[in-house]
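Read the numbers this way: they start at 1 and go in the same order the structure lists the ligands and their atoms. Because the structure is a prediction, the values reported are computed rather than measured. Side chains included, hydrogens not; waters and symmetry mates left out as well; all remaining heavy atoms used.
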Amino acid sequence: MSDKPTAIGEIIAAHAAKEGPMLPILHDVQGLFGCVDGEAEAIIAAGLNLSRADVHGVVSFYHDFTHQADPRPVVQICRAESCKARGVEGLMQAATAAAGDRVKLHTVYCLGLCSSGPNARVGDNLFARLDAAGLAQVIENA
Ligand code: FES
């Protein structure tokens, strides 16, 4: 993996031509480093020709972004409409119990597998058609 400034620069370059590149950049940085810390904010601000306060304001506003990395494994669970229609809400209580304090559950809104939900993701691995036992297994293995 390239160093942090280089990696963030590549993320910025990938999104810079988009309208409203800030959020996709922040999501990618959060995903890659587990946080958007002050160093990342400064690099993003310079890359988008904004003030660091502009970037910090966005990072602070959205719950998706954190300033410090959380060492726990993360299981992303899709709770968007298609996965809701396929029963994800009925799995959440057991998922929360299975996760305890060891695993961080993170709600996301669509993993791109809408017709085969409920879905979850751990790192680059996607898990589809989950029932309570399947999701508990995903959490246990995270
Ligand atoms: S709605 Fe869950 S993957 Fe799209």
Flag, side chain of [X] to backbone of [Y], donor-acceptor distance under 3.5 Å:
{"X": "T66", "Y": "A69", "answer": "no"}
{"X": "S60", "Y": "G57", "answer": "no"}
{"X": "D54", "Y": "S51", "answer": "yes"}
{"X": "R86", "Y": "N119", "answer": "no"}

Are more than 12 heavy atoms from other residues, nucleotides or ligands located less than 6.0 Å from atom CZ of F61? no
Which of the numbered atoms in ligand 1 are below 4.0 angstrom from a heavy atom of [X]?
{"X": "L113", "answer": "3 (S)"}
{"X": "S82", "answer": "1 (S)"}
{"X": "N119", "answer": "3 (S)"}
{"X": "C110", "answer": "3 (S), 4 (Fe)"}
{"X": "G112", "answer": "3 (S)"}
{"X": "A80", "answer": "1 (S)"}

Atom pair CD1 (I139) and OG1 (T96), whose distance is rounded to the nearest 0.5 Å: 7.5 Å
Can you find a side-chain donor-acceptor pair between E41 and H56 that sits under 3.5 Å? yes
What is the closest protein heavy atom to atom 3 (S) of ligand 1, and at what distance does it sit? L111 N, 3.2 Å
Is the distance between atom 4 (Fe) of ligand 1 and the nearest N/O/S atom of C83 smaller than 2.8 Å? no
Of the backbone and side-chain N, O or S atoms of C114, does one lie nearer to atom 4 (Fe) of ligand 1 than 2.8 Å? yes
N, O or S atom of C78 closer to atom 2 (Fe) of ligand 1 than 2.8 Å: yes
